[in-house]
Amino acid sequence: FRTVCVGWSACCVLACGGQDLSARMTVLVDRGAYAEAVSATRSHGREPKLEKTLAEVVLERAASSPDSERRRRAFTELSLAGSRSRTVLNRLSEAKEPLTRALAWSAALQLGDDRSREMLRALASSADPELSALGVEALEPDTDRPQLLATLTLPNSGRRAAALKVLSRA
């Protein structure tokens, strides 16, 4: 009986008029109703569009998580998805949280988005060590060599590691 109720309530949420698939899945995921969301994607057989939307919502929520390991895994998955993740990365690049934005820019840069490089470069001198390390990773080994060498003398190991990584590409 519970399975029928769960499936029915998920279908009701998904059948709401006026909401797009992402918003419908977000409602379920925000409620913690993962099983309902999965059931809803399968309520009428295999629904690839719903499954994709569910995956995007879950990854987007995980990418904004305060849990750094969960956030790292989400951005890894988004990077592995390649250009299919651009929509999610674009939304994450508009997030309120500076680290979420920077991680989205970093993932977009890996996909060849040079606009993201400029956004990240501005973070290289940030007081926040995580943001700064991401900014340093966006520097160029040839044109930014003096800044990278200066970064090697800074006390933050994350920044130094990022500078070494960039310099090793030269």
Side-chain angles (χ1 to χ4, degrees), residues 20-42 46-141 144 147-148 151-152 154 156-170:
D20 67 354
L21 293 175
S22 180
R24 296 176 206 173
M25 286 298 174
T26 300
V27 169
L28 290 171
V29 170
D30 284 348
R31 286 190 6 223
Y34 299 111
E36 292 176 42
V38 171
S39 294
T41 65
R42 304 256 165 104
R46 188 162 188 277
E47 301 269 349
K49 191 171 183 181
L50 286 174
E51 292 168 4
K52 177 182 178 280
T53 301
L54 175 59
E56 287 177 351
V57 168
V58 170
L59 283 172
E60 190 169 348
R61 290 291 183 255
S64 300
S65 172
D67 179 341
S68 63
E69 181 58 25
R70 185 171 187 221
R71 193 174 49 240
R72 185 193 63 75
R73 287 194 314 259
F75 275 105
T76 298
E77 290 299 322
L78 288 167
S79 294
L80 291 173
S83 61
R84 294 178 305 223
S85 67
R86 285 196 192 274
T87 304
V88 175
L89 291 174
N90 288 341
R91 283 193 303 264
L92 289 168
S93 71
E94 302 293 325
K96 290 180 185 176
E97 172 64 35
L99 183 56
T100 300
R101 283 194 312 265
L103 289 166
W105 293 330
S106 180
L109 178 60
Q110 292 173 19
L111 297 175
D113 182 358
D114 286 330
R115 184 182 57 100
S116 294
R117 178 179 304 282
E118 294 310 311
M119 304 300 280
L120 286 167
R121 288 172 61 89
L123 298 175
S125 59
S126 171
D128 182 292
E130 286 183 274
L131 292 176
S132 177
L134 288 166
V136 169
E137 286 180 7
L139 298 176
E140 292 291 340
D144 299 310
Q147 184 177 357
L148 290 163
T151 301
L152 293 175
L154 297 175
N156 181 280
S157 62
R159 289 179 187 148
R160 288 193 315 266
L164 283 171
K165 181 179 173 182
V166 173
L167 287 167
S168 71
R169 293 192 317 233

Here the gap from Arg72 atom CZ to Thr76 atom OG1, rounded to the nearest 0.5 Å, amounts to 5.0 Å
Side-chain ion pair, Glu77 and Arg73, N-O less than 4.0 Å
no
Donor-acceptor pairs under 3.5 Å, side chain of residues 95-105 to any protein atom, not counting sequence neighbours: which ones?
residue : atom : partner : partner atom : Å
Arg101  : NH1  : Ala95   : O            : 2.8
Arg101  : NH1  : Lys96   : O            : 2.9

Value for CZ (Arg71) from CZ (Arg61), rounded to nearest 0.5 Å, stands at 15.5 Å
Keeping Ser64 on the side-chain end and Glu60 on the backbone end, is there a donor-acceptor pair under 3.5 Å? yes
Enumerate, atom names and distances included, each donor-acceptor pair closer than 3.5 Å involving a side-chain atom of residues 116-125, sequence neighbours excluded.
residue : atom : partner : partner atom : Å
Ser116  : OG   : Asp113  : OD2          : 3.1
Arg117  : NE   : Glu140  : OE2          : 3.3
Arg117  : NH1  : Ala138  : O            : 2.8
Arg117  : NH1  : Glu140  : OE2          : 3.1
Arg121  : NH1  : Asp144  : OD2          : 2.5
Arg121  : NH2  : Asp144  : OD1          : 3.0
Arg121  : NH2  : Asp144  : OD2          : 3.4

inquiry  = Looking at Gln147, is its backbone amide N or carbonyl O close enough to the side chain of Thr151 to form a donor-acceptor pair, meaning the two atoms are under 3.5 Å apart?
reply    = yes
Here the gap from Arg86 atom CZ to Leu78 atom CG, rounded to the nearest 0.5 Å, amounts to 12.0 Å
To the nearest 0.5 Å, atom CG of Leu59 lies from atom OG of Ser65 at 12.0 Å
Taken to the nearest 0.5 Å, the spacing of Leu131 CG from Ser106 OG works out to 11.5 Å
When you look at Val57 and Val88, which way does the side-chain contact (heavy atoms from CB on, under 4.5 Å) test go after all the steps? CA-CA 8 Å; Val57 168; Val88 175; over 6 Å; no
For residues 156-167, please give each side-chain donor-acceptor pair under 3.5 Å, one per line with the distance, not counting sequence neighbours.
residue : atom : partner : partner atom : Å
Asn156  : OD1  : Gly158  : N            : 2.9
Asn156  : OD1  : Arg159  : N            : 2.7
Arg159  : NE   : Ser132  : OG           : 2.6
Arg159  : NH2  : Ser126  : O            : 2.7
Arg159  : NH2  : Ala127  : O            : 3.3
Arg160  : NH1  : Leu154  : O            : 2.8
Arg160  : NH1  : Pro155  : O            : 2.8

